[in-house]
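Since this is a predicted model, take the numbers as computed values, not measurements. We name chains A, B, ... by the order of the sequence lines, and we start the count at 1 in each one.
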Amino acid sequence: FYPGCEFLFPQASVMFAQCNRKCVSSVLLIALLCCILSPPAQASKSSEDIRCKCICPPYRNISGHIYNKNVSQKDCNCLHVVQPMPVPGNDVEAYCLLCECKYEERSTTTIKVIIIVYLSVVGALLLYMAFLVLVDPLIRKPDAYTQPLHNEEENEDARSLTAAPTPSGSRANTVLERVEGAQQRWKRQVQEQRKTVFDRHKMLS
Amino acid sequence: MVNAGDMNGSGNLMDFLDEPFPDVGTYEDFHTIDWLREKSRDTDRHRKITSKSKESIWEFIKSLLDAWSGWVVMLLIGLKAGTLAGVIDLAVDWMTDLKEGVCLSAFWYSHEQCCWTSSETTFNDRDKCPQWQKWSELLVGQSEGASAYILNYFLYIMWALCFAFLAVSLVRVFAPYACGSGIPEIKTILSGFIIRGYLGKWTLLIKTVTLVLVVSSGLSLGKEGPLVHVACCCGNFFSSLFSKYSKNEGKRREVLSAAAAAGVSVAFGAPIGGVLFSLEEVSYYFPLKTLWRSFFAALVAAFTLRSINPFGNSRLVLFYVEYHTPWYMAELFPFILLGVFGGLWGTLFIRCNIAWCRRRKTTRLGKYPVLEVIVITAITAIIAYPNPYTRRSTSELISELFNDCGALESSQLCDYINDPNMTRPVDDIPDRPAGPGVYTAMWQLALALVFKIVITIFTFGMKIPSGLFIPSMAVGAIAGRMVGIGVEQLAYHHHDWIIFRNWCRPGADCVTPGLYAMVGAAACLGGVTRMTVSLVVIMFELTGGLEYIVPLMAAAVTSKWVADAFGKEGIYEAHIHLNGYPFLDVKDEFTHRTLATDVMRPRRGEAPLSVLTQDSMTVEDVETLIKETDYNGFPVVVSKDSERLIGFAQRRELILAIKNARQRQDGVVSNSIVYFTEDPPELPPNSPHPLKLRRILNLSPFTVTDHTPMETVVDIFRKLGLRQCLVTRSGRLLGIITKKDVLRHMAQMANQDPESIMFN
């Protein structure tokens, strides 16, 4: 949740776009808390999250080998990690000089959370896209608004004849109607953008 | 807000759902802002706050908050940009490996993460472990053999097509502005152009999501340019939370410049390079205050990314190298050769890419964007899979090419013949003869080079988010590594030649092919984008080696010279010209001897200038004038006889003011006189109530005389950010020069098509 919450923020931000002061400051506070607390908030490292990796190249007739062990940083050296030692006692020092040991950390929680959040966002967008492309035209048969995957030059004349919905003078009071209005406005904006970019090639080649 | 008063108790929370009321002072879409007016409005606001701050403690605190709001915005931008970059990096890592197999213990691990704790990795095959299985193993139980290869190949192509199709559909359905690199449009926006929705929330969301998808699909593109766009969207979002920035387009662009710096900073792990990139490439006006704030935003972003730690080793970028082997003066010759190669490649790429994009704009190719993406992805996947250097992601390829070959490496590129009695420590391996693996790698790399050069031309500019930093660096790195290996083998086999004798003693380490790869990458990137200082700084921040500044600079300078010999424009300026954005480049020099009369409108034979008079036009006359013409503004003169200039009135403000007046003021009818003076004119009795429009009049429009050289006029437009300039002679108004006229004139002088400047 912590690193991903900024990612969710774009959608939540539509809700708070024109809040008054208190609302804005509380949202900011949440955002800051979210993002500052998240990355360093690792109280205890599970055993999966740390390791010491020692790479030992081929030596005389011993082939190269990689050793992984989860030890702490002060124990991350050749003597602790390379076990069983492939060379006899007097050669250990020469062998260990060739080996290189590195201490590495990762955060499995971060990876899991980010991937799952990303997949859910993609899934939500897919569902919404399926809704807009397949279900919406059936609900709104009279309006020729949503044929997003086809080119729209054919629809231009039909659309120019339909009147613009909800002039700014009259207020629809119920929340549902206002959400409807906002969604219609957004769809019109996206359609304008689509015409500019995909059909008229006026922008973005 | 006008109607906010008569709302019922559902509160201000739902006001965002209503259509925003256009008030005087906002700009229309695809118009240029008035920099001088924005600056003076900000000065007014600041003066008001400062004077009120002396009144009470609360006002004083408010003035402090206002002063700090800039830093708070930078902090927020840095946090969000860093977080988004971390998310993108982790998701790309996972999804790229998804094309080849899946981790059975936890599906969200990429290949490297899956085998992280395994003890079954071997020296030669560092990523082998039983938890990770390729698709052929999972589906049919075989991991070797022809049928397994074909199955893996087929699934690789299927995954790539699936990701690309998903990406282009999302772009098409939700946010068409999310395609392309974004940097040409951001350059135009920062120079004062308004593109509504380009930095919006949906564009941000879709660009982030689809960027992961297209990079994972194996297409030959990068994520650095789109990350700049993503960071600017974050900047736009946070600046709209504070009225200091949301109401002032000029101040908002300062925030966007800083956000662009944060974007490059997280893309490369180079905060200083990010600030310099923003200064050199992206921004138009970059006041010194923005420099410090950009640096702060870039640092915060880099710190946030580091704490998310996407690559598991506290590095910010996948290809951070850390060797410090010295280089020799004689190596400057191959470095300069690499610079020449970079410049030539840059020219070739720009010309071919612009030709292809122009074809996409004007012919039937542009009618099938989804099909085009799918075809290019299929071709890329089919050709990329057999070659191990193109099968993996481009970042990993660059990382391997930058790496030096010590004793610990076991990849094919490092298959040198080792002396079995050698017992030197890891950093001091002398030059060795190449083994068979290196020869195989060389011809595979050559094929990869040709493939990447060709396919990137067709990939950049498609209707998906695409950047070109990484592909350019890949081309350069491949070429550089090949040259480096060549020089290394030459030095080994002919160590008795004069040039090598002084520097390369047998048994010593002379040539580092990884350094040649870095220099090649810098040369190619410089040849395409024509960056100078920012490129060198980014490269040495990437590598951590201050010793390598001189080779990097040599290559960057050479590639810029060679590329400039063929054409003055970098790839971003070329795309700006292709799309006809009204961008007046500060780098262009205007050296022609034309005068203002040659450029001003109206020309000889055209209709005379449409002007408003000070106090002799009626409301109906004004409305007719507005309806019949589509000019953005009208000069106001004393009268039609003496054409002495009073000021300039904007079209949008005239329309709004007349509409307001008709609705609100009593007695204003079509026959009412419109006056721009302080006091109403003498009117006969029984005439309708006159309409005073002085408040929308700009009393200080910029004027030049008709004999002003165009060089000066262009300079004035650039330095002050003007939209139009009036031309007078002996005090009388002659004509008007708009920014578009200036751009058309410059295009004409450069023998380009002046009609390609669009956007009213």
The test is side-chain hydrogen bond (donor to acceptor under 3.5 Å, both in side chains); show your working for B:Y177 and A:Q193 and say whether it passes.
CA-CA 7 Å; B:Y177 279 166; A:Q193 288 179 8; 5.3 Å; no

Partners meeting salt bridge (charged side-chain N to carboxylate O under 4.0 Å, His left out) with A:E93 (sequence neighbours left out)
none

Under 3.5 Å donor-acceptor, B:H229 side chain and B:Y198 backbone
yes

With a 4.5 angstrom heavy-atom cut-off, could you sort out which part of A:Y128 is near chain B: side chain, backbone, both or neither?
both

Region of B:M95 in contact with chain A, defined by heavy-atom distances below 4.5 Å:
side chain

Decide whether a cation-pi geometry holds between A:K202 and B:F30; the criteria are a distance under 6.0 Å from NZ or CZ to the six-membered ring centre and an angle within 45° of the ring axis.
yes

So, the part of B:L166 with a heavy atom under 4.5 Å from chain A: the answer is side chain

Is B:F107 in contact with chain A via its backbone, its side chain, both, or neither, using a 4.5 Å heavy-atom distance?
side chain

